[in-house]
Number of protein chains: 2
Amino acid sequence: MGGYEELITYFEDQLSQQAFGHQPGELYAPISYTVGLGGKRIRPVLTLMSCELFGGKKEEALSQAIAIELFHNFTLIHDDIMDNAPIRRGEETVFKKWNANIAILSGDTLFALAYQYAQQARIDILPETLSVFSKTAIEVCEGQQFDLNYENRNDVSVEEYIEMIRLKTAVLFGASLKIGALVGGASKKDADTLYDFGINIGLGFQLKDDLLDTFGDEEVFGKKTGGDIISNKKTFLYLQALELADEQTKAELIKLYNTNHLSENDKTQRVKDIFSQFGVDQSANNLIDTYYLEGMKKLDSISIHETSKDILRDVAHRMIDRDK
Amino acid sequence: MGGYEELITYFEDQLSQQAFGHQPGELYAPISYTVGLGGKRIRPVLTLMSCELFGGKKEEALSQAIAIELFHNFTLIHDDIMDNAPIRRGEETVFKKWNANIAILSGDTLFALAYQYAQQARIDILPETLSVFSKTAIEVCEGQQFDLNYENRNDVSVEEYIEMIRLKTAVLFGASLKIGALVGGASKKDADTLYDFGINIGLGFQLKDDLLDTFGDEEVFGKKTGGDIISNKKTFLYLQALELADEQTKAELIKLYNTNHLSENDKTQRVKDIFSQFGVDQSANNLIDTYYLEGMKKLDSISIHETSKDILRDVAHRMIDRDK
């Protein structure tokens, strides 16, 4: 059974050999570009890994792993238009490098290409894997819409935020694991439990992202921290601070996120101070631990060898207990 | 076996009973709005009809008919953003009524919803129907990209235009028929032949659209003609005129499409005169007839009762020999 690094190498190698189409070039160049930008490839590796966990071969789960990764890349292309984001993984986004129309259409094509891989599942599991895939796709769209809605609302609760990141981020981790498990021959019950494991580590993963963006060590993190604060992103840290702070600090925090009366550096520093004052970094760490432990409990209850589970425990650890 | 009107009524009734989702409202309101705007529903009716043609029941093809119609509606939502189109079927487009982000994301959701219906096909035909569905989806995106590309090119050939409308429009007619046929129990050969019938009547349908937009009887057509000319759309008529005209008229036509030196009415009149002078309306009619006859030949070669074919002949006739 392959470890994380081995599976990444295998997946990258196989992905680079796929031909997605050629003409019109305006459609396919952005697809090759985006897929080639890399990224952590966590999701497809989870698919391959959970297939192996139940005794399947990684080759059998390859089409599903590619489907998941292409779907993820499609969401990035469209999200970048909606977020007006110029940079992704250190390079220009499709919408900046080409234009919005090309980004819409190459994203749509990538979505259909993802389905072309998804529909290659074995016939005995095809209805089930497709059902997971489409349900997940819809939920990810719902999550993104909630995220857009929350930009214009000042009364978002921590609970609503958690539900938003569950939809936008965690369900795809759950689906990656569940689909891989089904390919590997898992029972419906084990596949569902692995899905729940994925939801928990997915939530932990996103909360860790929030935490690192504000409190990460810039040397290790590899980029400037404070991006979420500068762009007024209502992360867990912000929403939790609003729930814990006194009225005066709460008003100050809302003002900091709704006006530009301070320089970026001063604003970031002041917001960080407020976050620290109310211990929301610690709240985030506590919540991450809760999800991590809940995920581990799910993993414990699955009927496979303990040694096989260690590989997934290692991934969960990498996703959550990381510095970058 | 149901005729056209009966199948439309059945489809509208069934479609109106589908629940697509509720929250977030920003995602689902545009979907209900678009699906509720109506339209000719030709594609889903073709699916139901071709299922019945091979002995299937319309109920068995319903999920596929809905999948096709939702996919078509998804393309309209995204096309309207790309074309900056304010009006569709007499009402504001999603992108105008809401905004571009909501149009992108509700379109994406509708695409995934379409797959949720597509994947409900009977297990013995599921891989084949999904394969047709995804291939068609990709081709429609390719066609739209070629269409966008041609806006900025002055050397588009009639041949390139035909290939563009084959991808953008005709393949979905072909797929609607082929998928319905597969549900109805058609042989692979008959399903493929019906696909070819669909391509031919699809091409004829689009060319008829071009013709009516310029030379339609405004009373019958129900809207002002000349829209394509005013928006400099490089239709068959324009491209054929460029191929047939003398150098001087060709230069004038290109100038008419690239500058705004005339009023809309004067421009439309002058372009129409050039079209008539070189008989491109007749060329279009001839080509429509060619595709119609080619489609009929395909239909003739299918191994079903002649009386059943009459219903499809009637549809082909409605699609091509129409005044609006």
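Naming convention: chains lettered A, B, ... in sequence-line order (proteins, then strands); numbering from 1 in each chain.
Of the two parts of A:Leu130, the backbone and the side chain both hold a non-hydrogen atom closer than 4.5 Å to a non-hydrogen atom of chain B. For B:Leu148, the part lying near chain A is the side chain, with the backbone staying farther off; criterion is any non-hydrogen pair under 4.5 Å. Contact annotation for A:Phe133: neither backbone nor side-chain heavy atoms come within less than 4.5 Å of a heavy atom of chain B. Using a 4.5 Å cut-off between heavy atoms, A:Leu110 makes no contact with chain B at all.
The shortest heavy-atom contact between B:Ile123 and A:Pro127 is CD1-CG, 3.5 Å.
Contacts of A:Ala103 classified as side chain to side chain contact (heavy atoms under 4.5 Å, CB included), with partners at least two apart in sequence or in another chain: A:Ile77, A:Ile81, A:Val94, A:Phe95. The side chain to side chain contact (heavy atoms under 4.5 Å, CB included) search around B:Ile87 returns none, not counting sequence neighbours.
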For chain B against chain A, print all donor and acceptor atom pairs separated by less than 3.5 Å.
{"unit_1": "B:Glu26", "atom_1": "OE1", "unit_2": "A:Asn149", "atom_2": "ND2", "d": "2.9"}
{"unit_1": "B:Tyr28", "atom_1": "OH", "unit_2": "A:Glu142", "atom_2": "OE2", "d": "2.5"}
{"unit_1": "B:His78", "atom_1": "ND1", "unit_2": "A:Asp108", "atom_2": "OD1", "d": "3.1"}
{"unit_1": "B:His78", "atom_1": "ND1", "unit_2": "A:Asp108", "atom_2": "OD2", "d": "2.7"}
{"unit_1": "B:Met82", "atom_1": "O", "unit_2": "A:Asn101", "atom_2": "ND2", "d": "3.2"}
{"unit_1": "B:Asn101", "atom_1": "ND2", "unit_2": "A:Met82", "atom_2": "O", "d": "3.2"}
{"unit_1": "B:Asp108", "atom_1": "OD1", "unit_2": "A:His78", "atom_2": "ND1", "d": "3.1"}
{"unit_1": "B:Asp108", "atom_1": "OD2", "unit_2": "A:His78", "atom_2": "ND1", "d": "2.7"}
{"unit_1": "B:Gln119", "atom_1": "OE1", "unit_2": "A:Ser134", "atom_2": "OG", "d": "2.9"}
{"unit_1": "B:Gln119", "atom_1": "NE2", "unit_2": "A:Leu130", "atom_2": "O", "d": "3.3"}
{"unit_1": "B:Leu130", "atom_1": "O", "unit_2": "A:Gln119", "atom_2": "NE2", "d": "3.3"}
{"unit_1": "B:Ser134", "atom_1": "OG", "unit_2": "A:Gln119", "atom_2": "OE1", "d": "2.9"}
{"unit_1": "B:Glu142", "atom_1": "OE2", "unit_2": "A:Tyr28", "atom_2": "OH", "d": "2.5"}
{"unit_1": "B:Asn149", "atom_1": "ND2", "unit_2": "A:Glu26", "atom_2": "OE1", "d": "2.9"}

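Remark: B:Cys141 SG to A:Leu113 CG distance equals 9.0 Å, nearest 0.5 Å.
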